[in-house]
Amino acid sequence: MLAILVLVPIAVIFLQNLPFRSPPRAYYTMAVLILAFAEILAAITLPDLVARLPPAALQILHFALTADQLTRVLLASIGIVLGTAVLVGQRSFSSDRQHRRFANLLLISLTGMNATVLSSDFFTLYVFLEVVSVSSFILVALDRGLFAVEGAFRYLILSALASTFMLSAVALLALACGGTSFEVVRSGFNSTQATLARLGVIVFAVGMFIKGGVVPFHAWLPGAYASAPAAVSILLAGIVTKVSGVYTLARITYSIYVPDEALATVLLALGTASMVLGAILALSQADLKRMLAYSSISQIGYVVVALGCASELGVVAAAFHIFNHAVFKALLFVGTAAVESKAGTTELHRLAGIGSKMPVTCATTTIGMLSAAGFPPFAGFFSKLLIVLALWKSGHTTYGVIAILASILTLSYLLSMQRQMLFGKPNAETATLSEADASHLVPAIFLAFLAVFVGVLFPLLLHSPLSFLLLNRKLPW
Amino acid sequence: MPDVLSKHPIDVIVLGSLVVAALWAVLSPRLLRAVIALALASICVTALLFRLEAPLVGVFELSVCAGLISAVFISSISLSQLETEETIAKARRERIRRYWFLPLLLLFVGIAVGHMSPPTFTRVPAGGLEVRSVLWTERHLDLLGQVVILLAGAFGVVVFFKETKKHEP
Amino acid sequence: MSPELLTAYVVTIVLLATTGLFYLLVTTNLIRALVALELMTKAVTLGLVLVGKLTNNPGFTQALTITVIVIEVVILVVAVGLVLLCHKHTGTVDARNLRNIRG
């Protein structure tokens, strides 16, 4: 039954492109929205979905797909960000033709991401990550402008380099364990070829670092985020970079083996470097999108550090932070899209005082910022708390202190953006602006609500249908 | 090294020409020659694949890499490059300045790797299926992935190359 | 497979990969970067098939390799499309003329 998640988007693409006269834009948006809702629903009801066997006629569609709690977290995140991106894209593309290509590429990306989080084999992971990457390259360069093409090309080169690393790792794993599926590799760690298998996993992890924008392989990220069209930036920042990068690392930590000394040290070191460097570089940015891109690098660093704890609490914290980051980063980029659509620019000094002209956008963006900075009672506070707790408990107290300091840095650059942009006095350019339209406001309000809701109800989370967000694990208090 | 040459002459010669073709592709100042060197390298790889008892992969490599990719490269070069004589001469001087240590680096790496002892590895008990059966029975999810990525590639070509008509619908 | 031949293969694969990687990091011409990428792909192709032969499981890795070749072709076509778009805007394929220099 899990195959539905992979096959239905493909079927929708074919159905959408068949009729000779293309349907209006709203139709494409509705199709993707329905799929996004179905995805979130699937994440919440997954155990029942898995238990029901398909009718005998569909037995040939038996793919080697598995799903567990980590998959459900990712599925929910994918659905949320996808719905947001398509809603924003409804109005933000100048021509119907571009919107049609955008919608189709979104569906391809959805297929790839679904199959990635459902796969149980290293090579299948690689194949569908390439699907996601290729659709991302095309999406970044969708408007064919020079800036976008540059960003897409740099992304492509570094992503292809990462793929080479991943394939070498697959070869090493096949050599050491005789196969590439997760069970085979897991058994390979208990055999005599454990060192070779460990080397294979580390090389694979390096590929993941490049694709996920972890320092020092983050060079492509700010360019790609800043030069992509608004709706594509939402998709990239909200979920694609995470699925490509940290999801696999989480999967390795969760299902394959607990990181040994070498891998854990690498994770902790690179994660800390990302946390700190991302925050420092975000402080000096003059463009809103680039600042948010560096902020993403910093937040991914948090997830990597949590995985480096090599403990159960670490994985729970990482998964929860992945979900929260999807929500608040998408929210921040929706605010950026709203500002860009009304003011025509994303340079901070030209956007002074927008808050008084666009009150709803200002309010939702502020909520997003507070969640990103880890302010109680928003959801971001709890995931960061879990990460610091995980570091504390596993003995890496210095890293915990650094994480808290990086949080303060995050707060400072977000506050400076807030002060400049939202609460300053309107200048000549911004005096004539009006509030953004519904296609930007509806997802923003929904996401802000989600950030508040998940945060406020956090103590009750474990006993609700949303308990998969915490991987169904009991928390240590 | 001489014993390798006498025991498996064909393999060593093809391996050697592969490295030479790769170096030529890197060091050649003319882009067209570099692409032709890449095609030659593909042919060497095909020969090696046939020696390694992988005929299906060899055929793929030959038709796709030595054929399709070379065609794509050459058409892109003809659409974009205007190399005059002086740019070529200037490029030749620059290349010697920039890449002189590449053969030395390769020699060093080659000798270092050549002296390392091979790691232990598992041998799966005999009875692995043949390629086509593997693809169809065990790896059909990958086949689906190939279909999807080809679809994505088709969209890419449409997005990049389709000219916008004068009147938008 | 005799150990000397195995060493010869491994040395060649490593040399190919090193050449490709080195070239990718150094060159500024966009098309040459793609040539470097292709060289690295060939190294990986040979490596995968070799591993299959060593572990007595040739069909498995050959299936993987075929998929890899298909994927690499699609990536290359998209990359060439981007390079041609770039050329349409700036008239050159030299990365030094782009605003964001390759890092």
Side-chain angles (χ1 to χ4, degrees), chain A residues 3 6-7 9-10 13-14 21-22 60-65 94-98 101-102 104-105 107-109 111-112 115 118-121 123-124 126-139 141-144 149 172 174-179 181 188 191-193 195-196 199, chain B residues 22 38 45 48-49 52 54 57 60-61 65 69 72-73 76 79-80 109 113 116-129 131 134-169:
Chain A
V6 174
L7 292 175
I10 306 179
I13 298 180
F14 280 114
R21 180 153 356 145
S22 359
I60 51 165
L61 293 178
H62 170 68
F63 293 129
L65 300 171
S94 48
S95 73
D96 273 356
R97 167 178 317 213
Q98 253 191 4
R101 293 172 187 170
F102 170 70
N104 282 324
L105 285 167
L107 286 175
I108 294 186
S109 193
T111 313
L118 288 170
S119 78
S120 57
D121 182 297
F123 187 71
T124 311
Y126 158 76
V127 170
F128 286 102
L129 276 181
E130 290 302 294
V131 170
V132 172
S133 302
V134 166
S135 54
S136 301
F137 306 149
I138 306 173
L139 278 172
L142 200 62
D143 58 11
R144 302 201 249 188
V149 167
L172 283 173
L175 192 63
C177 315
S181 74
S191 70
T192 48
Q193 282 83 35
T195 9
L196 201 60
L199 180 67
Chain B
L38 189 69
V45 169
L48 288 174
L49 287 173
L52 284 174
V57 188
F60 256 89
E61 174 82 21
C65 297
I69 290 187
V72 166
F73 267 126
S76 78
L79 280 175
S80 70
V109 168
V113 172
M116 290 189 333
S117 56
T120 51
F121 49 82
T122 36
R123 287 189 85 101
V124 173
L129 298 168
V131 191
V134 170
L135 263 184
W136 196 243
T137 57
E138 282 179 15
R139 299 251 124 220
H140 43 283
L141 194 53
D142 296 344
L143 280 180
L144 184 68
Q146 288 183 39
V147 167
V148 177
I149 209 173
L150 286 170
L151 197 61
F155 273 114
V157 169
V158 162
V159 166
F160 293 151
F161 293 120
K162 196 157 178 207
E163 293 300 328
T164 50
K165 301 204 252 298
K166 287 293 178 192
H167 306 288
E168 281 290 291

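Order of the sequence lines fixes the chain letters, A, B, ..., with proteins taken first and strands second; residue numbering starts at 1 for each chain. For the numbers below, each heavy atom of this structure counts, side chains included, while hydrogens, waters and symmetry mates do not.
We find the CD1-CZ distance between Ile13(A) and Phe155(B) to be 6.0 Å, quoted to the nearest 0.5 Å. Note that CG of Leu7(A) and CG of Leu144(B) are 6.0 Å apart. Values are rounded to the nearest 0.5 Å.
The side-chain heavy atoms of Phe160(B) and Val149(A), taken from C-beta on, include no pair separated by under 4.5 Å. In this structure the side chain of Ile149(B) never reaches within 4.5 angstrom of the side chain of Val127(A), judged on heavy atoms.
Proximity to chain B (any heavy atom under 4.5 Å) is shown, for Val131(A), by both the backbone and the side chain.
In plain terms, the two heavy atoms of Ala152(B) and Val134(A) that are nearest each other are CB-CG1, 3.9 Å.
Screening residues 142-161 of chain B for side chain to side chain donor-acceptor pair (under 3.5 Å) gives Thr124(A)-Asp142(B), Arg139(B)-Asp142(B), Gln146(B)-Thr67(C) as the qualifying pairs, with residues at least two apart or on separate chains.
Most heavy-atom pairs under 4.5 Å with chain B, from the set Asp121(A), Leu139(A), Val6(A): that is Asp121(A).
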